Enquirer: 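Have a look at this one.
Reckoned from all heavy atoms, side chains included, excluding hydrogens, waters and symmetry mates. Here is the naming used below: chain letters follow the sequence lines, and residue numbers restart at 1 for every chain. Keep in mind that what you see is a predicted model, and the values were worked out from it rather than measured.
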Amino acid sequence: MTSFRFLHAADIHLDSPLHGLSRYEGLPVEDIRSATRAAFDNLVQFAIDEAVDFVVLAGDLFDGDWRDMGTGLYFARMMGRLNQVGIPAFVLAGNHDAASVISRTVPWPPNVRLFEARRPETHRLPDLAVAVHGQSFSTPAVTDNLVLAYPLAEEHYFNIGMLHTALAGRQGHADYAPCSVDDLRSRGYDYWALGHVHEFEIVSTEPHVVFPGNVQGRTIRETGPKGAVIVTVVDTEVTSVERVELDVLRWVRLDVNCTGAVDDAVADLIRTELGRLHGGNGSGRPLVTRVTLSGEMSEAGALHDRASTLRDDIRAIAAAISAELYVEKVKVMVTEPARERVAIGEDLGALIDDASADPGLVAALESDLERFMLAASTTLGDAEEGELRLSASQGDWAGVLRTASTALRSRLTRGG
Amino acid sequence: MRFSRLSLERYGRFQDCEIDFRSGNPDLHVIYGPNEAGKTTSLSAVSDLLFGFPTRSPYNFLFDYSLLRVAAVLEDGGTTLACRRKKGTSGTLLNASDATIDEAPLAAMLKGQTRETFGLSFSLDQDALRSGGRAMVEAKNDVGRTLFAAGSGLTGIADELKRLEAEADAIWGPTTRGSRTFTQAQRQFADASKAVRDEGLKPKAWSDAKTATERTRDALDTARRKRDGVQAELRSAERARRLAPLVRRRDEQLDALRGFDGTFDLGRQREDSTEVLIRDADASLRKISATEQLRADVADRLSKISPDPDVLAEADEIDRLVAEAGAELKATRDLVGLEAEHTDVGALVRRLRAEAGANADVAPKRDVAARLRDFARLHGELTVAARQISESREGVDDRRRRAAATLAANAVDGNADALADAVDAARALGTDADARCEAMRSKADATTTKLADLIARLAPWSGRIEELARLPRMDATEIQAARDAMAGLATDIRREEDGALRASDQAAVIALEISQLATGAAGSPDEITDVRAERDRCWQPLRRHVLDGDDLISPADTVANFEASVAMVDEREDARFASAGASGRLSLLNQTKASHELEKGQAAGRAQIARDRLEAATSAWRKRLADVGLPELDPTQFQSWQRDRESAEAAQADLCEMVSDADRSELRRNAARAGLCAALGIVDADGELAPMLATAERRRAGDEDNARKRLLAQSEMGQIDADAAALDRRQQRVDVDAEANGAGWKAALAEAGLDIDVVSCGAVLDLLDELREATALEAQLRRRIDGIARDAREHSSAVEQLVAKVGLEPGDTAARLRTLRERLAAARASVTLIDSLDDEDRRRESEVREAQARLKATEESIAPLLLETASDDRAELAAAVERSRAMRSLREEIATTEKAIVEAGDGLALNDLLAAVEASDPDQLAERLSSLGSQLEELNLTVDEAATAHGDARSTFAGLDTEGTSAVDAAADAEQARSELEVLSEHYILRRAQAVTLKWAIEKYREKHQDPLLLRAGDLFSTLTIGRYATLKVDADGPTPRLLGLRDDLRTMVEVDAMSEGTTDQLFLALRLAALEQSVAAGISLPFLADDLFVNFDDQRAEAGFKVLAEVAKKTQVLFFTHHPHLVEIAKSVVGPEIHSECSLS
């Protein structure tokens, strides 16, 4: 009876920086810089410690636009460590790797088996009776269904298919190498080691079709535990698919419902929620959280108005709770309930209330921010949902003005 | 309300001047008059008509106040009011027939306006326009405040706007500034991005470096291969050259070896063993021969030795005697000393015996002797004690005598206690009692002097201090009241005098001004009155002539006089009219002057009254003082006199107290001194206490010393008695002991049988002991001397016996013993030598036998070798061995040579090497080597270069893989900066949106709440500036709101101060007209009177001005006074000739 274990990972994105986390005192800069490497170190160490029989990496080792060969050499060193203990690695090029000059240049150690891009290729481990089939991406955007060209399962072998794909589509992921689970089934393989989707997902168990997710979350869009899966095969049967957490820093969203809270209570509310978040963190890993303040509250404008200091305040609160609790951003999404007339000069208040509908004001604001938007667009990428910059770039000036007038009204009421 | 007609019936220079204002729309009328035509007068007339004449009107220069009349026909709605105004305090509004009419209809038309409000709002000249306008823009009047009201509530909001803008500006701004957070983050982003680009390891760079490493390694390998080929060839040639001599040597050695053909090869081992055998045989032979010789020598030596048996037989006895002879010798030497010592001791015994006399033969027992010694010692001690007691008794007697003398010398004084008390009492006053008395007395004296001075200062009052005390005391409030009253009066006098002086000065100044005016053309009313009176006087004859038919004395003269007087009046009036201002001024000045003179007179009068009152008050005061006998001083002086008096009285009080103190002190001192004198028993003489106290203290000290000495002497007497008693007791004890001792002594002496006294007892006993010891020593010495003599005799006898045995000649014992000893030594040496030679002979014999055995064995071993080598004897065998060895050595040399060839042959086989050497041509070899050497040199260089290149490439390549993560770090930093930028952009957009919204809201608010007055003023201003300015704005952002002109570009805001003079006038006019319109709209419709307002307007703006006025004139009547004909023309062109209304003041 043959039994073996292998480690399935994907979307390493080595040395890809973490997004959205601006520097502030207390933030572990070095840890953040080296997060993807540290997670990959964990992966290699895990493979060695667990003495897995081989490792499959289903694409996107490197970011496509990353051009530091140091990253490739680091990867080669890591593969070298596996080589020293006799662990083969099967590596597939994904959309990012296809564009990566590094993956074309990196000196692969002998234990690394690369799949070519022109056609599906099969590597075998005769001792284990394992056949690994795969095809690398030849270009960053492969829109063909590659599976159809994969060979049929080899008899008396445990057949593993490696593919970088979003299957029939996964939210937030480009629709590369589209295929269906039935397409996969049609090859008769025992295990499909997929990559590309950064969320862990066991799509099917007959056969096993698995997205391991990426190894280290890099943005607030990649929340929760990250790592790989370790697959145990006994006599050509998959007996277990266990998730292995390899990340060194974990992203998490924290929604704080501020409904009905008055200003001072908001800080307490946030402190409580952050404390709960920290208390519930059983992983022992540092948490990077995005705090979103939502709900209806009469002082919504005040929160909008002091969004800049609010971020510092909440970071201080988080730091007080734990030195390993960091705040990525604070999103103020609170809204005002239908309110009575404001206390400032009635007319002025009414004017501010009506401001967002005034075309003259919209034009003035557009003109006012024109140069800034240009300056910002040269540096910044796409804005996120709910951001003023997104509204501004989409011409939704009324939306910007609504937030502004809410904040303004609060400011004037408070000041006056 | 509007004027339909204005009549200046008698007003200023006007008389019966009528101006009609036709009704029309616009109700604009230009009243033209050249300079001095009376525009200002007309304007004033309007105000006087509407509101009454002021108390002092300057327009009475032609007509008396009572004659002044202004009339008008006023229309308001459907009402028409014809009225006239005269000067007066009441009932000044008249009808056509000079009858007073009710003011109410006029007041109703005026809608509550007063002269002032009318002047401000409806009557304007250039100066009023400017001052009023300035007041408006500075919000100093109601209109101004109204203007700025709309913005004022937003000041705090404007501050908020500034804060918002500042907050946004701190994030980002259109101009780059390092302090802005967005800029900073942007810079960090750019720096980090650059670092990513610069510090990352480029894949191509890495590939290139890798390729370069591989390429250079190939090049190095190639170069090395080439070099190795040449090197191998070179090595081969060098080998041939190197091996050639060895090969040659081998050949020679092979030739030599051939010369040993037939030689038996014994082999190295057998050669060596054969040689050893031959050597051993020879050695054995030599050994046998030498040993035999040695044996013969031994036998010979033995034969020559003879031993001494007799002596040897007595050897032990000889040794004993020899040993004894030493002791004998020493005893003989000691004997001399012993004899001498014996003699000395004998002499000592004799001497001691002689000394002991009868006691010499007595030998008392030791215990008796000891007892005798004790009794003698005790006797001595008792004797000493008795002597000491005797001496002590003498000392006690001496002390008793001295104490008795002391007691006798220090008799007791009975007065000592009284003296001590007196001294204590004097001391209680203190050591400075005299000085204190003195100081108090002198202080009292000084106060007396001071008091005299203080009394002297009270002049003019004089008298004794007691009299002063009797004087009544004036209350301070009374003095102050008198002083205040007089000071008040003095102030009044001074003020009034100043007032008079000032009035006088002002009158003088005005007089000077009057004289200056009078010297000009100005004529005073008096002059007019005078010439008019003259004219009336001249008229009277003519009047009487015309009316009453009186005759004229001189008609021509009368008429001429009248005409002259009329002309004079006209002339004066003309002159006065011409210099009406000056005349008015003159009149005013005269009045003012009179007023000042009146003031002067009144002030002088008031001053005099005050002086009188002051004098009366002073007299009353002085009388008040004189009545009570106080000096007649004015209140101020009296106040200080009063203070001096208080000082004097205080000094008197002090003096009394001091004198009393001094007396008390002296009394106490005198009492003390008297006490001392009494105690001392001397007569008291007044004076200081101190000398007396010193005497008393000395006396007291003496008394105390006496008492102390007596006390000591009495104590000594007591002690002396005690000591004497103790001595007596001791004497008794000694006496008892002496008696007992004497009895003991006697008994012991009898027992001993000695004849000695107690004093010499010790010495006699000592002598007897010494004698006993000397006698014993003498006997001991005798015994030793006798022993030595006996031993000497025995020794000599023994020697004699031995000598006889061995047969020596008789002689000295010592010499013979020496001879015996020497013979014994010789005999013993001979025996030893014989034993040694016997031993040697036996050993030699053994050696001979051994050598012979060895020789035999050797020869047995050599025998087969002789056969083998066909040698006849050992010599031939040795030669054969030599040959065998030479042959074998040659073979070894050949082997060595071949080994050397192989060793130097770079690992090649011998035959190959020999063949290679054979094949090489020695002549060409050197040339070949040289060529290959240079080739190798070149190739080595090539290899070095290639190795360097490869090393460089390899280190470059290795240097690339530093495991550094600076690019990764920079990418993370860039991402962090980008994140910050994202956040900052959110903040910036929010802040700007807030700021823009707030600004917009403020603008909207202001627009909404803009005062119609400002809006209208803005419109008018725009019209007046021909559109150069669009409107007016209020900037409420500053601490105080400011009025700004918005230029036609709708952006530029111009402050009032920055506007030109003409524009400023236009602005002020716009504001005034807007305010006017507002008033009109509010129902206050009064005519607007403008006095040449377009002075600073160019024609275009003047035209605009008339347009504006025409517009205003649609709502209320406008009367425009000007002396500029061109303005008249412009007005005409604006309103059109058909409705142009022009009036003249001519």
Enquirer: If you count heavy-atom pairs within less than 4.5 Å of chain B, which of S405(A), A307(A), A376(A) leads?
Expert: A307(A)
Enquirer: Examine whether an atom of T965(B) lies under 4.5 Å from a heavy atom of chain A, and if so say whether it belongs to the side chain, the backbone or both; otherwise answer neither.
Expert: side chain
Enquirer: Below 4.5 Å from any heavy atom of chain A, which atoms of Q188(B) appear? Answer side chain, backbone, both or neither.
Expert: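 No part of it gets close to chain A.
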Enquirer: Chain B: which of K329(A), R77(A), H304(A), E387(A) shares the most heavy-atom pairs with it under 4.5 Å?
Expert: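 Greatest number of close heavy-atom pairs with chain B: R77(A).
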Enquirer: Examine whether an atom of L14(A) lies under 4.5 Å from a heavy atom of chain B, and if so say whether it belongs to the side chain, the backbone or both; otherwise answer neither.
Expert: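 Neither the backbone nor the side chain of L14(A) comes within 4.5 Å of chain B.
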Enquirer: So which residue, G964(B), A970(B), A971(B), ends up with the most heavy-atom pairs under 4.5 Å with chain A?
Expert: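 When all of G964(B), A970(B), A971(B) are compared, A971(B) has the most.
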Enquirer: For A977(B), is it the side chain, the backbone, both, or neither that has a heavy atom closer than 4.5 Å to a heavy atom of chain A?
Expert: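 A977(B) has no heavy atom closer than 4.5 Å to chain A.
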Enquirer: Answer yes when K202(B) and D208(B) have at least one side-chain N-carboxylate O distance shorter than 4.0 Å, and no when they do not.
Expert: no
Enquirer: Provide the closest heavy-atom pair for G381(A) versus R389(A) in the form atom of the first, atom of the second, distance.
Expert: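 Heavy atoms of G381(A) and R389(A) come nearest at O-NH1, 2.9 Å.
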Enquirer: Give the member of S193(B), P203(B), S985(B), A190(B) that has the highest number of heavy-atom pairs under 4.5 Å with chain A.
Expert: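 Of S193(B), P203(B), S985(B), A190(B), P203(B) has the most heavy-atom pairs under 4.5 Å with chain A.
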Enquirer: Relative to chain A, which segment of Q186(B) carries a heavy atom at a distance below 4.5 Å: side chain, backbone, both, or neither?
Expert: side chain
Enquirer: Side chain, backbone, both or neither: which part of A35(A) has an atom under 4.5 Å from a heavy atom of chain B?
Expert: neither
Enquirer: Less than 3.5 Å apart, which donor and acceptor atoms pair up between the side chains of residues 359-373 of chain A and the rest of the protein, not counting sequence neighbours?
Expert:
| from | atom 1 | to | atom 2 | distance (Å) |
| --- | --- | --- | --- | --- |
| D368(A) | OD1 | R992(B) | NE | 2.8 |
| D368(A) | OD2 | R992(B) | NH2 | 2.7 |
| R371(A) | NH2 | P174(B) | O | 3.2 |

Enquirer: Apply salt bridge (charged side-chain N to carboxylate O under 4.0 Å, His left out) to residues E328(A) and R311(A) and explain how you reach the verdict.
Expert: CA-CA 9 Å; E328(A) 180 236 13; R311(A) 180 173 64 146; over 6 Å; no
Enquirer: At their closest point, which heavy atom of A355(A) faces which heavy atom of L401(A), and how far apart are they?
Expert: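 So the minimum-distance heavy-atom pair works out to O-CD1, 4.2 Å.
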Enquirer: Can you tell me if R221(A) has over 12 outside heavy atoms packed within less than 6.0 Å of its CZ?
Expert: no
Enquirer: Does any backbone or side-chain atom of R991(B) lie under 4.5 Å from a heavy atom of chain A? Answer side chain, backbone, both or neither.
Expert: side chain
Enquirer: Determine whether R290(A) and E384(A) make a side-chain contact, defined as any pair of heavy atoms from C-beta on separated by less than 4.5 Å.
Expert: yes
Enquirer: Tell me if the CG atom of D382(A) is crowded by more than 12 foreign heavy atoms within 6.0 Å.
Expert: no
Enquirer: Looking only at heavy atoms and a cut-off of under 4.5 Å, which of G72(A), S308(A), A383(A) has the most pairs with chain B?
Expert: S308(A)
Enquirer: Using heavy-atom distances under 4.5 Å, tell me whether W66(A) contacts chain B through its side chain, its backbone, both, or neither.
Expert: side chain
Enquirer: Atom CD of E167(B) and atom CG of L990(B): how far apart are they, to the nearest 0.5 Å?
Expert: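 The distance works out to 9.5 Å.
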Enquirer: For chain B, find which of D358(A), T378(A), V101(A) contributes the most heavy-atom pairs closer than 4.5 angstrom.
Expert: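 With the most close heavy-atom pairs to chain B, the winner is D358(A).
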Enquirer: Should the ring pair W206(B) and F957(B) be called parallel, tilted or perpendicular, given that the plane angle runs from 0 to 90° and is split at 30 and 60?
Expert: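 Plane angle between 30° and 60°, so tilted.
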Enquirer: Between R67(A), R37(A), R104(A), H19(A), who has the most heavy-atom pairs with chain B when the cutoff is under 4.5 Å?
Expert: H19(A)
Enquirer: Looking at side-chain heavy atoms only, is the closest gap between E160(B) and L408(A) below 4.5 Å?
Expert: no
Enquirer: Is L73(A) in contact with chain B via its backbone, its side chain, both, or neither, using a 4.5 Å heavy-atom distance?
Expert: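 L73(A) touches chain B through side-chain heavy atoms alone.
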Enquirer: Checking an interface table here. Which of residues 211-224 of chain B come within a heavy-atom distance under 4.5 Å of chain A?
Expert: none
Enquirer: Between F75(A) and W108(A) (judged by ring centroids, cut-off 6.0 Å), do the two rings come close enough to count as a pair?
Expert: yes
Enquirer: About how many Å separate CZ of F62(A) and CG of D15(A), when rounded to the nearest 0.5 Å?
Expert: 9.0 Å
Enquirer: What's the shortest heavy-atom distance between L1046(B) and L1050(B), and which atoms?
Expert: CD1-C, 3.4 Å
Enquirer: In terms of heavy-atom proximity below 4.5 Å to chain A, should I171(B) be classed as side chain, backbone, both, or neither?
Expert: neither
